[in-house]
Amino acid sequence: MAAPRDDETSYAVNPALAYWIARNKAEGTTTTPALEIQDGRYETYGWTNAAGEEVVKYTITHGRGHSIIPAEMELLWEWFEGWELKDGASVLVAD
């Protein structure tokens, strides 16, 4: 699998990934994720912090004109509702 969109057709994804990797104190760079999974038309990359917790995830969906479709809104909400802000830090509270 190729590095997560480290090419000229990346639509400026690498600067955003670099920001979130640094912001979340993840280990690695935009081209060195801790996790790489390909499942059908989905390519998923993940970065972890020093404790091994996944703090950044990026998925590419091939063959799709938009990033999100209405049917996925519930799935996204289920992920977001698993987080809380505690003492100024985002904390995963879901299983």
Side-chain angles (χ1 to χ4, degrees):
M1 201 162 36
R5 290 301 177 246
D6 192 22
D7 57 35
E8 293 180 1
T9 60
S10 67
Y11 306 102
V13 167
N14 269 347
L17 277 175
Y19 168 80
W20 287 109
I21 289 168
R23 168 72 173 78
N24 291 305
K25 298 179 177 72
E27 297 181 333
T29 67
T30 58
T31 59
T32 59
L35 164 79
E36 295 183 35
I37 298 171
Q38 182 146 11
D39 183 10
R41 64 183 188 153
Y42 302 98
E43 283 181 37
T44 300
Y45 302 90
W47 289 262
T48 57
N49 61 17
E53 302 164 320
E54 189 173 76
V55 293
V56 177
K57 185 178 273 190
Y58 174 66
T59 299
I60 301 165
T61 307
H62 297 282
R64 173 191 263 180
H66 298 282
S67 297
I68 301 172
I69 59 174
E72 293 173 332
M73 298 312 319
E74 184 177 347
L75 178 64
L76 289 169
W77 174 248
E78 288 173 4
W79 185 84
F80 277 110
E81 73 177 346
W83 292 86
E84 291 184 354
L85 193 61
K86 289 187 179 178
D87 299 321
S90 294
V91 177
L92 183 62
V93 294
D95 292 342

Which side-chain N or O atoms in residues 17-26 pair as donor and acceptor under 3.5 Å with protein atoms at least two apart or in another chain?
from, atom 1, to, atom 2, distance (Å)
Asn24, ND2, Trp20, O, 3.1

Contacts of type side chain to side chain contact (heavy atoms under 4.5 Å, CB included), residue Leu76, not counting sequence neighbours: Ile68, Met73
Nearest non-hydrogen partners of Pro33 and Gly46, listed with the distance: CB-O, 3.5 Å
Closest non-hydrogen atom pair between Val55 and Asn49, with its separation: CG1-ND2, 3.7 Å
Flag, side chain of Trp47 to backbone of Thr29, donor-acceptor distance under 3.5 Å: yes
When the side chains of residues 80-93 are checked against the rest of the protein, which donor-acceptor pairs come out under 3.5 Å, sequence neighbours left out?
from, atom 1, to, atom 2, distance (Å)
Glu81, OE1, Trp77, NE1, 3.1

Nearest-0.5 Å distance, CD of residue Glu43 to OG1 of residue Thr59: 9.5 Å
Pairs flagged by salt bridge (charged side-chain N to carboxylate O under 4.0 Å, His left out) wherever residues 49-62 is involved - sequence neighbours left out: Glu54-Lys57
Residue pair Tyr45 / Thr30, side-chain heavy-atom distance below 4.5 Å: no
